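Throughout, a chain's letter reflects where its sequence line sits, starting with A, and its residues are numbered from 1. Please read these numbers as outputs of a predicted model, since none were measured by experiment.
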Protein chains: 2
Amino acid sequence: MKKLDSSFKIIKQKLHEAGFKLTPQRELTVEVLLEKEKDHLSAEEIYLLVKSKNTGIGLATVYRTLEILTELQIINKLTFQDGIARYDLNMNSEKHQHHHLLCLKCGNIEEVKQDMLFEIEKEIERDYQFVVRDHRLTFHGLCRNCSNRQETEEG
Amino acid sequence: MKKLDSSFKIIKQKLHEAGFKLTPQRELTVEVLLEKEKDHLSAEEIYLLVKSKNTGIGLATVYRTLEILTELQIINKLTFQDGIARYDLNMNSEKHQHHHLLCLKCGNIEEVKQDMLFEIEKEIERDYQFVVRDHRLTFHGLCRNCSNRQETEEG
DNA sequence: CCTTAGCTGATAATGACTATCACAAAATAC
DNA sequence: GTATTTTGTGATAGTCATTATCAGCTAAGG
Ligand SMILES: [Mn+2]
Ligand SMILES: [Mn+2]
Ligand SMILES: [Zn+2]
Ligand SMILES: [Zn+2]
């Protein structure tokens, strides 16, 4: 709870600094994002969770809030295979987007917090004269559960 | 032209083996994909190019053909920031998807054919017990042109 | 021929997202 | 204080990429 509170304060601070009001709707949206920090929720999913806390919020407002939070780099907008935008909290303000492991069988998404791309980026900048700002890396494969299950089925 | 022809033959072969007919619509779609090998075309863009070769093809047919080609791993379906599906030819049947450099200023997409992720994959498989099948890696930043332009503007 | 399965094109439907607009709340001016 | 502008909200209509539907076409086999 303590970590959540301090994250909450930091985010509110950032909104404030950027000249945005701290409306109840925005506070609730941030609250949901913090509570589901590990998930990768779509706008619709966030909307439903916020509505369960306070009926009467509009879907458009959730989209607008997510847009603001994305601009301020508080969250990152990601799209995996299904083409639906998902929002990933960027607490501890990581310099670069972390990576993901997408299971092709069950659809689960796991996080990889280590960056590991530093050397590769240097290579890219040198060989392609491309200035790297950020990256998106997703591995497709089988998660622990699904690869175990596959083995027992086959064995 | 020779390389194009042989690729064409291989793709037709794969379609045939999988039990699909080699209709004129499918041939033209493959032709466009081969001609624009370096590009990352959307379904709509492919549709227009095919239609310019032979009026009277339907958009739905292009979508259906792209779906088949994706299933057969002849092309890969990718989505960058705008959420629109783009199709990337997988000739020389690369084992893993190649990488991309997306310019945040002009939107240009450049290809990176070296894999470079082999070591990282081993690390992922070991640390996360995740079986890696493929990956999607895009670097976001400034392309050669845009970073040069930026420098002269500032200087 | 006749039949069947695969394929096509037009078009309707879906669903994620965006724009619009009248109204409310807050900040600022007077 | 009240007036006025700015910011934010919710409902809802619109957009646009993609998918589903369906009647008609085509090729293959008897
Ligand atoms: Mn994540
Ligand atoms: Mn490519
Ligand atoms: Zn799984
Ligand atoms: Zn550029």
- Compute the centroid of each ring, for B/His40 and then for B/Tyr87, and state whether the two points are separated by less than 6.0 Å.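 Between B/Tyr87 and B/His40, which both carry aromatic rings, the centre distance is not below 6.0 Å.
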- Query: Relative to the 5' end of DNA chain D, which residue comes earlier, B/Glu44 or A/Pro24, by the nucleotide with the nearest heavy atom?
  - Reply: A/Pro24
Rounding to a whole Å, what distance do you find between [X]:[atom1] and [N]:[atom2]?
X	N	atom1	atom2	value
A/Gln25	C/dA25	CD	P	11 Å
B/Lys51	C/dG9	NZ	P	11 Å
B/Arg26	D/dA27	CZ	C1'	13 Å
A/Arg64	C/dT20	CZ	C1'	10 Å
A/Tyr63	C/dA16	OH	C1'	5 Å
B/Ile68	C/dT8	CD1	C1'	12 Å
B/Leu22	D/dA27	CG	P	13 Å
A/Asn54	D/dT9	CG	C1'	12 Å

Of the nucleotides [options], which one has an atom closest to the side chain of [X]?
X	options	value
A/Ala60	D/dG10, C/dT8, C/dC17	D/dG10
A/Ile84	C/dC17, C/dT20, D/dA27	C/dC17
A/Thr61	D/dT18, C/dA26, D/dT9	D/dT9

Residues, nucleotides or ligands: over 12 heavy atoms within 6.0 Å of [X] [atom1]:
X	atom1	answer
B/Lys113	NZ	yes
A/Glu67	CD	no
B/Gln73	CD	no

- Message: Categorize A/Leu59 for me: base, sugar-phosphate, or nothing, with a 4.0 angstrom heavy-atom threshold over every strand shown.
- Response: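 Counting heavy atoms under 4.0 Å across all strands, no contact is made by A/Leu59.
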- Query: Base, sugar-phosphate, or nothing: which does A/Gly56 touch, judged by heavy atoms less than 4.0 Å apart?
  - Reply: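 Sugar-phosphate: the residue A/Gly56, judged by heavy atoms under 4.0 Å, touches backbone atoms but no base.
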- Query: For DNA chain C, whose closest nucleotide is more 5', that of A/Glu67 or that of B/Ile57?
  - Reply: B/Ile57
- Message: Less than 4.0 angstrom between a side-chain N/O of A/Thr23 and OP1 or OP2 of D/dT9, yes or no?
- Response: yes
- Donor-acceptor side-chain pairing of B/Asp88 and B/His98 below 3.5 angstrom: yes
